[in-house]
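Just below is one structure, and these are the notes that go with it.
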Amino acid sequence: MQPVGWSLVKAETHFPYVPGYLAFREVPALKEAWSRLTTKPDVLVVDGHGVAHPRRLGIATHFGVETGQPSMGCAKKLLTGKYNEPGLLVGDHSPIMAGAEQIGYAFRSKSKTAPVFVSPGHLLGMENSLQIIRQCIGKYRIPEPTRLAHELVNRFRRGELPEGMTYGTFTL
DNA sequence: GCGACAG
DNA sequence: ATCTTGTCGC
């Protein structure tokens, strides 16, 4: 739970936002930022779905396949599939089903708060995605990796970051 | 034909 | 996602 590096990029979009095709809009910029990231993480948690996608190819899976990077998805809303409401306590979870196939988990990242939806992306499985997101729980609904990344990119967009601070590494 | 629909 | 006004529980 300790940040070790970051990479921020400003890029033009060349594809509209269409549910089910998010990767075609955001992966280009994501890869650009990824290329400038000196210290790659063991697992990338993407803001979106992994295999919990109509064709099992959400942005986390798409990016993972194109880069060979282990990844998983953690989305704020369901895209496809059905699930029963998990328990109300942090850590409670229930499977997201597409017919008889499990494609992810509805996970309670904060007690009495709407769950987040996690699923494997690339090079890791269903249980792995659950174990990993469990270790990313902080004080808020959004798991720390995604929450901290959003906080940083928002400061970047508002021009609140010092010049030459678009990427770097923290020393631990 | 109708509803659902990541960011 | 963005914008905007008000409300709710801890």
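Per chain, numbering begins at 1; letters A, B, ... match sequence-line order. The basis for the numbers below is simple: all heavy atoms, side chains too, and nothing from hydrogens, waters or symmetry mates. Computed from a predicted model, the values in this text were never measured in an experiment.
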* Phosphate OP1/OP2 of B:dG7: any A:Lys76 side-chain N/O under 4.0 Å -> yes
* **Euclidean distance, atom CZ of residue A:Arg141 to atom C1' of C:dC10 [Å, nearest integer]** => 18 Å
* To do: Tell me which nucleotide among C:dT2, C:dA1, B:dA6 gets nearest to the side chain of A:Arg157.
  => C:dT2
* Asked: Looking across every strand, which nucleic acid part, if any, lies under 4.0 Å from A:Gly20 by heavy atom: base, sugar-phosphate, or nothing?
  -> base
* To do: Using the six-membered ring for Trp and the full ring for Phe, Tyr or His, decide whether A:Tyr17 stacks on the six-membered base ring of B:dG7 (centres under 5.5 Å, planes under 30°).
  => yes
* Do you know which of A:Ile132, A:Leu44, A:Leu123 makes side-chain contact (heavy atoms from CB on, under 4.5 Å) with A:Pro70? -> A:Leu123
* Asked: Under 6.0 Å between ring centres, would you say that holds for A:Phe24 and A:His14?
  -> no
* Take atom CG of A:Asp47 and atom P of B:dA6, then tell me their distance rounded to the nearest Å. => 12 Å
* To do: Only one of A:Lys76, A:Lys77, A:Arg147 passes salt bridge (Lys or Arg N to Asp or Glu O under 4.0 Å) with A:Asp47; say which it is.
  => A:Lys76
* Can A:Glu26 and A:Lys31 be counted as an ion pair, charged N to O under 4.0 angstrom? -> no
* Whole-Å distance separating the CD1 atom of A:Ile96 from the C1' atom of B:dA4 -> 15 Å
* Starting at atom CZ of A:Arg25, determine the distance to atom P of B:dA6, rounded to an integer number of angstrom. => 13 Å
* Of the nucleotides B:dG7, B:dA6, C:dC10, which one has an atom closest to the side chain of A:Lys112? -> C:dC10
* **Whether A:Phe170 and A:Trp6 hold their rings parallel, tilted or perpendicular, with breakpoints at 30° and 60°** => tilted
* To do: Rounded off to whole Å, could you give me the CG-to-C1' distance for the A:Leu30 and B:dA6 pair?
  => 14 Å
* NE2 of A:His150 versus C1' of C:dA1: gap in Å, rounded? -> 9 Å
* Return the value, rounded to whole Å, for the distance between atom CD1 of A:Ile59 and atom P of B:dC5. => 19 Å
* Asked: Using a cut-off of 4.0 Å on non-hydrogen atoms, how would the nucleic acid contact of A:Phe24 be classed: base, sugar-phosphate, or nothing?
  -> nothing
* Asked: Could you give the CZ-to-C1' distance, from A:Phe15 to C:dA1, as a whole number of Å?
  -> 17 Å
